[in-house]
*Asks:* 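If you scroll down you'll find the structure; I have some questions about it.
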Amino acid sequence: MAETKYQTAGLKVWRKAKEIREKYYKDYAGAHDGRALRWGGGAWSFDAVPQALEGEIYPLTEEPYGASIGANPVFQVRCQEAAEGKGYARDLCAYMRGYWGSIIRDQYAFGGKWPKPDFIFQNHICCSHAKWLQVASELEGGIPYFCFDVGAGPYNKIGERQINYVVEQLYDGIEFLEKTTGRKIVDEKLIQNVYNTYISNSLWSKSCELNQNIPAPLDEKSMYSLYVLGTLQKSSKEVADFYKELYEETKERVANKIAAVGNEQCRIIGDSQPPWAFLRVLRYMEKYGVVSLGSLYTFSLIGWWRIDGKGNLVPYKTLEEQGIKIKDRDHALRLLTEGELKGKLMWAPFYGASLKNELVTKIASQWKIDAAMIHVNRGCEGTAQHQMEMKLALAKAGFPVMTYEGNMADEREFDEARTLRLMDLFLTETMGLKKLEW
Amino acid sequence: MIAAGIDIGGKVAKAVIVEDGKVLGKAWNLTGINKAEAAERVYNEALRKAGLQRKDVERVVATGSGAKRVTFAQGTIADAAAAARGINRLYPNVRTVIDVGAEEGRAIKVSPEGRVLDFAINEKCAAGTGTFVEAMARALEVPIEEIGKLSLSSTQTIAMNAQCAVFGESEVVSLIHTKTPKPDIARAVHDAIAGRIGSVARIVGLEKDIALVGGVAKNIGFADSLKKDLKLDVLIPDEPEFVGALGTAAAAAAGVLEEEVRAKVLEKEKYAEGK
Amino acid sequence: MDPIERFKEVYEKRHEYAKDWKVKTGRKVVAYFCTYVPEEILYAAGVLPVRILGGHEPPHLAAPHMFDMWCPFSRDCLSQGLQGKYNYADGVMIAQSCLHPRQAFGAWQIHIPHEWDYFLCMPNAVRSPRAKPFLRGELAEFKKSVEEWLGKAITDKDLDQAIEVYNTNRYLMKQVYELRKLDNPPITGAEAMTMVVTSQLMDKREHNELLQQLVKELPNRKLDRETGIRLMIVGSEDDDHTFLEMVEKLNSTFVIEDHCTGSRYFWNEVISEKDRLQAIANRYCDRVPCPSKDWGPDDPSRLRFPHILNLAKEYKVQGAIVIQQKFCDPHEIDIPSLREFLEKNGIPTHFLEFEVTVPVGQFRIRVEAFLEQIRAEELFV
Amino acid sequence: MAETAIAKEFWRWPESRWTNPGMNWKEGKTITAGVDVGSVSSQAVVMVDGELYCYSNTRTGSDSPDSAWKAMNMALEETGIDVEDIHYCIGTGYGRVNVPMAQRTITEIACHARGANFMYGPSVRTVLDMGGQDCKAIRCDDRGKVLKFMMNDKCAAGTGRGIEVFADLIGVPIQDIGPRSLQVEKEPPMVSSTCVVFAKSEVVGLLEAGVPENEIMAAYCSAMAHRIVELLNRLGIEKDFAITGGIAKNIGVVSRMEKELGIKTLEPKIDTQIAGGIGAALFAKALIEKGKA
């Protein structure tokens, strides 16, 4: 390999991320060996609350689990076909079909039989969330189910009324949790979980913010394996500590000009989830010195952000930084809700194309991008919202944009050879780049 | 400098030999199964017509779905890049190229220098390709070269949703059964494809001038439907199917090559650790 | 004029109707997506709410704004707007429901000229006790926005009148539906659909007058056609006249349906309450739900299913055609369970996926075969 | 340019006719007929008192009435029966609305279920009919009455038409594809796309890569089999299982389907393509007997 422009190095925290993830899926499956409970939910379902129940609770969040299935082409197609065999349409959320297929086939993506959750505690934001586990419960012959609505409005319109709507539902949820599990919600646990949630979300955003530096310390392909912990259990101490560690390491990389891509010469952003079974297409771009810095999706799927006085996108502050001490249960629930509703910009596109366009163009200029390569994702409507409008907005702002169609977790809808062909065309012709490595 | 462009399409192979932008010879024949052979044949014929021998040609570049089979080419360029350069030679004012071949329909935004600024491709579906027209012609039992003329005599428009080629056929068959005049069915077929291709073109934006190239551009019925769909005039070169080969020859002359590394890279990274 | 003829005329010339209405009244029109929009409030402000529907033609203009995964109905709606068909609309709005029309609305806000637009945050958890107070708050903000736009206050009196007009419309359409229970319904499914769809396009006062006349005349209306098999049609948005007429030519009649372009639109009335906005909020939370809202909070079952079965029984349905717009997730998620549920209860079903245009050949064979399945005995000795 | 593309028409399967040697129609009471005008093939079947007397199997042209007449005339050849002698005739199949000699139409779904019941006996509960442009999975009772059916959606992957295009592409007579697809040591991975157009580029790719023809046919057949199994799974398959229509003749697809389903299909005794015509002719008889003719 030729001399590279910048020095590169693998991430030290990488191994730890791997370990936490593996342990997470093992713990869930093994929960019943001890007195622990299994709860089924989603990456966004306020895990701080159910995790505050007495004793041990192990979650399985649906989207990351669907992604794990998606990363395994063989198992994935079996699951998709099992769901289709039951009459479920092929164009439904690919994670959801994989998850259902895993139930129908009674197979766990990490080995053994499907570990049925003891109860469902879930939030609803896209068309699928509440319905996903509605069907799951049906397929399982009934699982105690609670689902709350977080579709209360865009981040810039969140006031007391919106927060009350969600907090009141959370109180109902607590009643449900205590009734179904026969365990109590422990306020000390809840409060600690909320502190942790703030740390996980805010420090992830801070690490992403550091990608504004040239060279970028992180590349999106690695970021995927890092943010995933936040989608598993952001309220746990283990995960919060991980993000502290990641932030320190990222700062260190910036200080020493350690680049994610040694030959960084073209900075791009993407959008939506990638086709998990084909992450090598992101590595392929690196042959051209292209670094993918992230996306609204990667930054804010778990990261919390706010718009500062200058209209810039900046990380949400931790409670410590805001000098806030959580007083009691109510205070904890309100702070948790406020953070999710105001800070999770990933939800903004649900309320309009203009909101997404505004945020994406901010990212484009603050992260100093040269172009965008958008994965037009047939597998997830939630993240694929307004993707074409986003293309128009970026083009209007003067950025070349390439789109490639695919599916995050249904390999039958992704044509790798064709995608690489389009990338070559875009990078050589439109961007005028040459391959730097063979 | 003498340079050659070889365009191995899904259905037809073309070759063009140029010297300083002047065409010395060109040829086409059906691609068939063996694309390498087709490339040899079409290149030799072009050489014969130009009265040249291989050693006289300094650079050869290939394009099209069979580009990699052109063993004697020094490199390849993408179809869209070829179309952009080709049209730039013929009509420098063209900013949008619509290129419809046997297996793919695409739209390209072209810079004044003939570079690709933006592009959109008819996503995996036969509707919007030459193959679709052929299937419909067969269902209508009219020769492919007559379906265009036939549709021009149509008196009514029928909304037809171009999707799967074979279901297109069954829609055509049921129209025949309901005694719909063939010209109207032919028109419906062309409108359907034109609609699809028109959408692809709108994605890159309809900046004038607009040109239509590729084998299907010779189908006057399709061209007519497309103009109606876009509500804009469309330039069509005399031999639209040669534009890609011409652009490839131009690229060869200019020394643009896309290094052949993808295969290697892929090989190296196949089954590389997932996420 | 014969009400049904008038409905057909407005259905065909919907945009002319709205333009004439503006000239006649000098008032404003709001084009809206989704029947969760609380029309009463717009109507109280003197505005004509017009539902945005497709043109049943391939939605080519939508391509740069919505890629193929989004439902063809929503893309068709946007394509109509981009063609300028709704340029008479002074405002455009949507109520939060599924994601597909939101794509169209988002693009509409950016690319189609209008004075005023609004995203009404209709709660998803309509079955949660927290939804009604939340929606009441949303309606208050919405009302304020309309008032500011029009520069005039919406009084309780205005609201009462609007609620009155809307409830009357609902009541009268239900009267008409009562007659569809007869052995030989005096109105076809296609005609009933035209009636409901036009009520989403017309000034309800005018629509009510036609309905009053219709309720009077229908009992004596004789159709020279056989009723044949009594069908029900259930599923996504459906104003597909071509399809209903095709089916009803095959010796069958649609006697009831569950669509947001049918019974689901008008089945529930506003139950009056001192707090008018709360009364309206309650109606939209309690109405027969769209599948996207038919869940929870602590009960995974679907309230819509028993309602549909009930309709099937009351209307003596022999078979149900279950349809969905291509890519319509909320329905796609419910359909396998719904079909199982209906068939367990003795109602055969057949499933069809709708696009903006009807592939007549393909659908005809499926429907004919389904009808033969229902009346199979007559082919056996 | 394209017109010379297809040198030889490998899809063109042989047309045929047959008369029951052991029967004399003049002795029969009711003579009924079924004419099945499909998008690819047309059959005329004549039955005497519910017994199969004669039939034809021909290729459909773009004009249904002509195709119907062609099939009928071919069936009646040398039998001495005149169309007027037929008491009741039912049209079925894609072109059923344009069968001039038919007094009534019934869909091929009902007719194939009934025909399969006649051909394979009353134990048949699931019938697969692979037509030219669609594929139907039917559940029926012991009388061949349809209980439930499902048709493939808006993609023609794995239809008769699809395999015809494939035959042309690979240049192998259509009736040889099945047998040859079985002459492989080990099953190659199925072609990922059975779309008529995209399978084409995929198959061309394989041919270029020097993959033996037999293996490509195997890859295509298993892809088709897989698509059909997906449809049958959605319907819910129940034994006995029988196949009608042209595809039943493709051993390459059928054997792979049986393997994936773990269910054997019943052995056909008669040409499976005439199942629809038989069903129609039997319904004609039933209608006469019920005085509904």
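So that the names make sense, note that chain A is the first sequence line, chain B the second, and so on, each numbered from 1. Computed from heavy atoms alone, side chains included, the values below leave out hydrogens, waters and symmetry copies.
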*Asks:* How many angstroms lie between atom CG of C:Asp68 and atom CZ of B:Arg196, to the nearest 0.5 angstrom?
*Replies:*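 With rounding to 0.5 Å, CG (C:Asp68) is 5.5 Å from CZ (B:Arg196).
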
*Asks:* Evaluate whether atom CD of C:Glu226 has more than 12 neighbouring non-hydrogen atoms of other residues, nucleotides or ligands under 6.0 angstrom away.
*Replies:*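 No, CD of C:Glu226 has 12 or fewer neighbouring heavy atoms, counting only those of other groups under 6.0 Å.
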
*Asks:* Taking everything shown except C:Lys13 itself, do over 12 heavy atoms lie less than 6.0 Å from its NZ?
*Replies:*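 Result for NZ/C:Lys13: open.
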
*Asks:* Check for a donor-acceptor pair, side chain of C:His60 on one end and backbone N or O of B:Gly195 on the other, with a separation under 3.5 Å.
*Replies:*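 Pair found, side chain donor or acceptor close to backbone of B:Gly195.
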
*Asks:* Could you tell me the separation between the CG atom of B:Asp191 and the CD atom of C:Glu57, rounded to the nearest 0.5 Å?
*Replies:*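 Here the interatomic distance stands at 11.5 Å.
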
